[in-house]
Amino acid sequence: MAVLSGTAQQRYQGIGSLIVSARRLGEYREMFALSDADLLGGPVLDVAGGASSFLADLVALGGTGCAVDPHYHRSAAELTAAADRGAALARTAITTWPELYAEHVADAPVAYLAEWQHNLRRFEAHYRPDSAHYRAASLPVLPFADGEFRIALSSHLLFSYPDDFGHDLLLASIAEMVRVSALEARVYPLVDTMGRPYPELDRLRADLAERGVDTELRPVPFRLFRSGTHAFVARAA
């Protein structure tokens with residue numbers, strides 16, 4: 001079984017430069033090209049949900065689902081603080097390397113990140129530590145039955161930190177997301193935190209195919225990085 005090294009596990013838990021984000025359902029729609037049928041056709045799993053309001057927004061829309069994150073044994077106040085630190089890191093990155101980011105982000109980073117505060121308020125109101133909606137868990141082993149969710153989603157994690165999530169862990173993590181999905185798993189983006197494409201994508205797809213997993217690169221309308229144009233979609237063959 002692939003496991004994180006001690007240093008990588010710390011970063012995954014938000015101790016290093018890995019960012020805890022606070023994204024809303026509208027961003028998830030665009031990141032993963034989600035339709036109403038995707039959102040309301042069965043339970044949705046958000047892997048490494050951080051402080052995002054996606055699940056709260058989904059439930060308010062009439063959908064069902066669960067979010068997992070290694071942080072979900074912590075209080076809402078601790079997660080909010082982690083997201084505030086994440087916003088500060090993101091703001092520094094956007095102002096330092098504006099050429100990497102989509103125009104609407106690079107031109108107004110403060111306004112872009114201000115929305116995180118609105119998302120955080122909705123997350124805080126809905127969140128309960130290690131509850132039915134928010135489970136303290138992490139890849140590459142998820143505490144769910146085969147096909148328990150219609151779709152599994154993960155954003156700004158697996159391909160974003162290639163030095164931490166090496167090939168074997170990435171392979172095991174995507175295979176695990178497929179295992180718990182009745183339809184498919186979707187991962188966004190396929191670039192790292194400097195907008196560079198994942199260098200071993202062909203090898204990853206070949207190794208997943210050997211495990212009986214079909215993959216595709218699906219265009220999506222969301223833009224944070226200019227190069228973040230596709231989601232990675234995987235399903236049982």
Side-chain angles (χ1 to χ4, degrees), residues 18-61 63 65-69 83 86-87 89-90 93-94 100-106 108-109 111-120 122-123 139 149-162 165 170 173-174 177-178 180-181 183-198 201 204 215-235:
L18 192 151
I19 290 175
V20 175
S21 63
R23 303 183 188 281
R24 57 184 172 83
L25 185 146
E27 291 176 284
Y28 276 61
R29 278 188 182 271
E30 293 192 349
M31 287 189 293
F32 301 109
L34 293 168
S35 65
D36 285 345
D38 290 329
L39 292 167
L40 302 177
V44 179
L45 177 64
D46 184 13
V47 178
S52 293
S53 66
F54 168 74
L55 187 58
D57 298 339
L58 176 65
V59 171
L61 189 67
C66 179
V68 298
D69 194 289
L89 287 170
I94 294 166
L100 301 179
Y101 292 86
E103 186 173 345
H104 73 282
V105 177
Y112 172 75
L113 292 169
E115 178 142 352
W116 281 27
Q117 294 303 313
H118 299 292
N119 304 339
L120 276 173
R122 295 196 301 280
F123 167 79
L139 293 167
F149 298 89
R150 186 171 186 272
I151 295 175
L153 311 172
S154 184
S155 80
H156 297 89
L157 179 69
L158 295 178
F159 292 107
S160 298
Y161 302 92
F165 294 86
L170 186 55
S173 296
I174 292 174
M177 290 177 64
V178 170
V180 303
S181 306
L183 180 62
E184 62 190 24
R186 304 181 191 180
V187 179
Y188 179 88
L190 282 83
V191 300
D192 68 11
T193 55
M194 292 298 291
R196 294 170 296 211
Y198 181 64
L201 188 60
L204 176 66
T215 61
E216 67 171 284
L217 308 184
R218 186 173 297 172
V220 297
F222 184 82
R223 292 292 182 276
L224 175 60
F225 292 102
R226 294 177 187 269
S227 53
T229 57
H230 290 72
F232 188 86
V233 181
R235 66 183 71 85

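It should be emphasised that the depicted structure is a prediction, and the values quoted were computed from it without experimental measurement.
Evaluation of the salt bridge (Lys or Arg N to Asp or Glu O under 4.0 Å) rule for R223 yields no partner, not counting sequence neighbours. Partners of A106 under the side chain to side chain contact (heavy atoms under 4.5 Å, CB included) rule, at least two apart in sequence or in another chain, are P98, Y101. F159 pairs by the ring-ring contact (aromatic ring centres under 6.0 Å, His included) definition with Y198, F232, not counting sequence neighbours. Legend: residues meeting side chain to side chain contact (heavy atoms under 4.5 Å, CB included) with D57, ordered by chain and number and at least two apart, are R24, L25, S53, R122. Taking the salt bridge (Lys or Arg N to Asp or Glu O under 4.0 Å) definition, one finds that D38 meets it with R150, R186, sequence neighbours left out. Residues meeting the side chain to side chain donor-acceptor pair (under 3.5 Å) test with R218, sequence neighbours left out: E184, E216. Remark: L120 pairs with A22, A51, T80, A83, D84, Q117 by the side chain to side chain contact (heavy atoms under 4.5 Å, CB included) rule, at least two apart or across chains. Looking at residues two or more places apart in sequence or on another chain, you find a ring-ring contact (aromatic ring centres under 6.0 Å, His included) between Y188 and H156, F222. In this view, Y112 satisfies the ring-ring contact (aromatic ring centres under 6.0 Å, His included) rule with no residue, not counting sequence neighbours. Residues satisfying the side chain to side chain donor-acceptor pair (under 3.5 Å) test with T215, not counting sequence neighbours, are R205.
Although no hydrogens or angles enter the test, the distance criterion places no donor-acceptor pair under 3.5 Å between the side chain of S181 and the main chain of F149.
Summarising the geometry, atom CD belonging to E27 is positioned 12.0 Å from atom CZ belonging to F54; distances are rounded to the nearest 0.5 Å. From S35, atom OG reaches atom CZ of R29 across 8.0 Å, with rounding to the nearest 0.5 Å. If you take CG on L190 and CG on L217, they are separated by 6.0 Å, rounding to the nearest 0.5 Å. Interatomic distance, L34 CG to L153 CG, rounded to the nearest 0.5 Å: 5.5 Å.
Across every non-hydrogen atom of L158 and S173, the tightest pair is CD2-CB, 4.0 Å. When every heavy atom of V191 is checked against every heavy atom of F225, the shortest pair comes out as CG2-CD1, 4.1 Å. Taking all atoms of both residues into account, the shortest heavy-atom contact from I174 to A234 is CG2-CB, 3.9 Å.
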> Is there a side-chain contact (heavy atoms from CB on, under 4.5 Å) between S52 and F123 once you walk through the steps?
Replying inline: CA-CA 6 Å; S52 293; F123 167 79; over 6 Å; no
>> Please evaluate residues S160 and F165 with respect to the criterion side-chain contact (heavy atoms from CB on, under 4.5 Å), reporting the C-alpha separation (whole Å), side-chain torsions for both, the decisive distance (0.1 Å), and the verdict.
In response: CA-CA 9 Å; S160 298; F165 294 86; over 6 Å; no
> After noting the C-alpha distance and the side-chain angles of T229 and V220, does the key distance pass the side-chain contact (heavy atoms from CB on, under 4.5 Å) rule?
Replying inline: CA-CA 6 Å; T229 57; V220 297; over 6 Å; no
> For M177 and L139, what are the C-alpha separation, side-chain angles and deciding distance, and is it a side-chain contact (heavy atoms from CB on, under 4.5 Å)?
Replying inline: CA-CA 8 Å; M177 290 177 64; L139 293 167; 4.1 Å; yes
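In this structure, R226 and V105 have side chains that are not in contact, with every pair of non-hydrogen atoms separated by 4.5 Å or more.
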Sequence neighbours excluded and cut-off under 3.5 Å, please list the side-chain donor-acceptor pairs for residues 39-50, or say none.
from: D46; atom 1: OD1; to: Y28; atom 2: OH; distance (Å): 3.3
from: D46; atom 1: OD2; to: Y28; atom 2: OH; distance (Å): 2.8

